[in-house]
Amino acid sequence: MKRLEFLKELNPAQFEAVRTIEGPVLVIAGAGSGKTRTITCRMAYLVAQGVPPEKILLLTFTRRASKEMIDRAGALLKIDCQKIMGGTFHSVSQYMLRFYCHLLGYHPNFTILDRADAEDLINLLRNSLGLSGKKRRFPRKETLAAIYSKMINQGKTLEEVLQGEYSKFIEFYSDIERLFAEYVNYKREHHLMDYDDLLLNWLKILKDFPQVREEVGKRFEFIMVDEYQDTNVLQGEIIKYMAEAHRNVMVVGDDSQSIYGFRGANYRNIFEFPKLFPDTKIIKLEQNYRSTQPILDLANAIITKSKIKYTKTLFTEKKAGKKPVIFYAKDEAESSKFVADRILELTEKGIKLSQIAVLFRSAFHSFDLEVELTKRGIPFVKFGGLKLLESAHVKDFLAFLKVLSNPRDFLSWNRLLLLMEGIGPRTAEKIINYLRQSSFDLITSLKHISTRYSFPEFINFVKVMAELYKERKDLSHIMYEIWEFYQPIFERIYYEDASKRIKDIEGLLALSEKYENLEEFLADLSLEPIENFEKEDLSPGQEDFLVLSTVHSAKGLEWHTVFILSLIDGRFPSAYSLKNEEELEEERRLFYVAVTRAREELYLVVPTTVYVPGEGKTIAKVSQFVREVPSELLEVYKEKKEPEFSESVDLGGNGFMVGDIVKHPHFGIGEVIEVIGKQKIKVFFKGKGPTLLHLKYTHLEKII
């Protein structure tokens, strides 16, 4: 049939998955193995076989993904497939609840609470129950909403969630239990459902009403689920009951890419599927269409060590390619310079910045690199966590430095004053007006105003700032004096997640060690504002920004070249996972995801020393994931020895000679240190180090 021409483009495993339409099917789709094409072709094949589109249900993790797949299926057949029902678990559940929620006592026009609405309702009930006294460190509304959501999505009791992740609130167990009971009753009485209720209530109806399961089975005769490794307990059960009548369900996923345990995803769902449907056919997609074989060899070696897995071996027809490179840097500063140098070399070869990514386990791991990139004028966009200057606690800390540098920075004054206990917006305004109008110097003005407002924290603040401003000590001393004062405030304000936020402060303290001058430090931190792109909007070639990303945010994306930072124990894998085997396994899968984002080139960066506040530079331990990899799969990077600057020989006949002083429109003045053939030279730029330049793409002027 001409309509089935698209089947010829499939490899044997994909072809088998598309043609197997009866009964339960589990497709283990390795990274870059064409799972989207497989799902799309299967939908098209079902319609081509006479299945009415409205009898097909596609469940994905974004509405965008389902729409694109359905559009592609229609394009393959050159017919309209819009009657295929596609969407997320939440959107499909709410749609079905409109028909059946009366069985639970809800009105069909129930209101859906978004996360902010749910938090506000929890806060309202918390206040009405008298649980919001200032002297009690009762959880905030955001934390309470997170605890409730974890209970629902992970199928855990309140006690289990508190003991596991929120032990500091265990003393409030009874109060939280009472609050949640009120929350549930209020929603039912007022016909409200939050996001978690959509799954919970739809599952309850499927479980308790056999006739509904039968009707659903007739309505959707074929069910497909994408990214099944990221489903939670509720979603796994929903599939079980919705497919009970006919068992024509295909789930697609990769156990090696299950990295969202912190969101409630149940890693074991993909292993339990054959138990829910005993005659499940398992098909493995192992041919990779993204990466070169040397990169896949590394990925295979990483995941081989996984304790629980579906054994698979990724392979590709792209057999040639460079081995992944590992660079052992003496510290983070050298790591940053190495990455920046390689990025400039790649761009000189014609690789666009948007085709290069730097990945890291946690957002703060890129702080040093962000400063280096800004110095070099390399534009970047970052997603997954906030940039260094965008988090509230870092803004607080920098406000201290800014007023020391510029006492007239009243915006920073306002931020600092509002941190002090006893000072509200009106008092802060009065203090700022006094400082603005005062004819005295900063120290005298502060001492005068502190006699009017005798709040202990404010008085101590005045004392610390006056001493620092007067003595103008070195930057390292200033940073630690400020931290000593700010730490109790930090712990008071951000007590619920202080252990996570403190990593950012430690990163800031470590960064400051490279500077002697306060003004220079602040200037380097004043990064150019970058637009906050959605990752799907960063299509290749659209905007030429280097991509900085956490690995979690990079899932599903790919680049020509990938750098992975801070591959040391305590960072990747994270310190939290080193004592928990299940979390360590998820960290391994995260590393696998990072490696498989690269198409052509991959760099692993290992700083051999790191700065630890209070301890100084300490020796870092190479990540156990790297230590486990056979050495022959990696190439150790060794800096090429530069020739003596005094040598003055034309090595390539391009008009430049070693020792020439040159001017680059972007990098400034430099000295030629190597001539490579007729097109390439290496120039040492002061403050930036050696940079490889391709003369075809570079306007370079010889000065001497």
Side-chain angles (χ1 to χ4, degrees), residues 4 6-7 9-30 33-62 65-70 72-74 76-77 81 83-89 92 206 213 216-231 235-258 266 268-287 310 312:
L4 298 179
F6 60 84
L7 294 177
E9 299 176 8
L10 303 174
N11 65 42
Q14 292 172 331
F15 184 81
E16 184 183 9
V18 168
R19 294 284 303 268
T20 306
I21 60 176
E22 300 288 340
V25 183
L26 169 60
V27 178
I28 302 298
S33 63
K35 72 175 179 65
T36 299
R37 182 200 298 177
T38 303
I39 295 171
T40 300
C41 289
R42 190 172 190 264
M43 282 192 292
Y45 183 74
L46 284 168
V47 174
Q49 296 303 302
V51 176
E54 61 270 21
K55 295 284 187 180
I56 302 170
L57 172 65
L58 172 65
L59 289 164
T60 60
F61 273 77
T62 66
S66 62
K67 184 181 184 306
E68 286 181 357
M69 289 184 203
I70 291 169
R72 287 186 197 176
L76 289 174
L77 294 174
C81 287
K83 287 187 178 179
I84 292 175
M85 185 165 184
T88 65
F89 275 89
V92 171
L206 287 170
R213 297 201 296 273
V216 169
K218 289 177 182 177
R219 180 164 187 168
F220 302 116
E221 293 179 358
F222 294 90
I223 298 175
M224 282 179 279
V225 186
D226 189 20
E227 304 284 12
Y228 192 72
Q229 79 278 351
D230 293 329
T231 54
Q235 292 161 337
E237 283 200 82
I238 285 171
I239 293 303
K240 168 188 170 184
Y241 288 111
M242 287 187 75
E244 182 184 77
H246 49 69
R247 306 173 79 254
N248 295 328
V249 56
M250 182 178 89
V251 300
V252 183
D254 182 5
D255 54 297
S256 299
Q257 295 188 72
S258 179
N266 183 14
R268 300 184 183 277
N269 268 11
I270 202 164
F271 297 103
E272 297 292 328
F273 186 81
K275 296 178 183 176
L276 295 178
F277 300 95
D279 54 342
T280 293
K281 183 174 187 177
I282 300 176
I283 300 170
K284 297 178 182 179
L285 305 185
E286 298 174 286
Q287 183 171 351
Y310 284 107
K312 59 184 176 299

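Note: hydrogens, waters and symmetry copies are ignored here, and every other heavy atom, side chains too, is used.
Partner Leu59 forms a side-chain contact (heavy atoms from CB on, under 4.5 Å) with one of Val225, Val251, Thr88 and no other, that one being Val225.
Within the model, atoms CD1 of Ile70 and CE of Met85 stand 9.5 Å from one another, a figure rounded to the nearest 0.5 Å. Here the NZ atom belonging to Lys275 is positioned 9.0 Å from the CZ atom belonging to Arg268, to the nearest 0.5 angstrom. Summarising the geometry, atom CD belonging to Gln229 is positioned 10.5 Å from atom CG belonging to Asn269; distances are rounded to the nearest 0.5 Å. Between the CE atom in Met250 and the OG1 atom in Thr38 there is a gap of 7.0 Å [rounded to 0.5 Å]. If you take CG on Leu285 and NZ on Lys35, they are separated by 10.5 Å, rounding to the nearest 0.5 Å. Atoms CD1 and CG, from Ile84 and Leu57 in turn, are 10.0 Å apart once rounded to the nearest 0.5 Å.
Using a 4.5 Å cut-off on side-chain heavy atoms (C-beta onward), Leu26 and Phe277 make no contact. Within the 4.5 Å cutoff, the side chain of Thr36 has heavy atoms near those of the Arg72 side chain. Leu77 has its side chain within reach of Phe6: a pair of non-hydrogen atoms, C-beta onward, lies under 4.5 Å apart. Looking only at side-chain heavy atoms (C-beta outward), Val252 and Met224 stay at 4.5 Å or farther from each other. Residues Asp255 and Ile28 meet the side-chain proximity criterion, which asks for heavy atoms closer than 4.5 Å. For the pair Met242 and Leu206, the minimum side-chain heavy-atom distance is below 4.5 Å.
Listed here is the closest heavy atom pair of Gly74 and Cys81: CA-SG, 3.7 Å. Closest of all the heavy-atom pairs between Ile270 and Gly253 is CD1-C, 3.8 Å. The minimum heavy-atom distance between Ala17 and Ile283, with the atom names listed, is CA-CD1, 3.6 Å. In terms of heavy atoms, Leu276 sits closest to Gly236 at CD1-O, 4.2 Å. Between Phe61 and Asp230, the closest heavy-atom pair is CZ-O, 3.5 Å. Of all heavy-atom pairs spanning Leu76 and Cys41, the tightest one is CD1-SG, 3.9 Å.
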- Query: For Phe89 and Ile239, what are the C-alpha separation, side-chain angles and deciding distance, and is it a side chain to side chain contact (heavy atoms under 4.5 Å, CB included)?
  - Reply: CA-CA 10 Å; Phe89 275 89; Ile239 293 303; 3.9 Å; yes

- Message: Val27 vs Ile39, test: side chain to side chain contact (heavy atoms under 4.5 Å, CB included). Steps then yes/no.
- Response: CA-CA 10 Å; Val27 178; Ile39 295 171; over 6 Å; no

- Task: List the steps, then state whether side chain to side chain contact (heavy atoms under 4.5 Å, CB included) holds for Tyr241 with Val216.
- Result: CA-CA 9 Å; Tyr241 288 111; Val216 169; over 6 Å; no

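Checked by atom type, the side-chain pair Gln14/Glu16 shows no donor-acceptor distance below 3.5 Å.
A salt bridge is defined here as a Lys NZ or Arg NE, NH1 or NH2 lying under 4.0 Å from an Asp or Glu carboxylate O, and Lys312 with Asp254 meets this definition.
Between the side chain of Lys55 and the main chain of Lys218, a donor-acceptor pair closer than 3.5 Å is present. Side-chain atoms of Arg37 come within 3.5 Å of backbone atoms of Glu9 as a donor-acceptor pair (strictly under, hydrogens ignored).
Atom CZ of Arg247 is surrounded by more than 12 heavy atoms from other residues, nucleotides or ligands within 6.0 Å.
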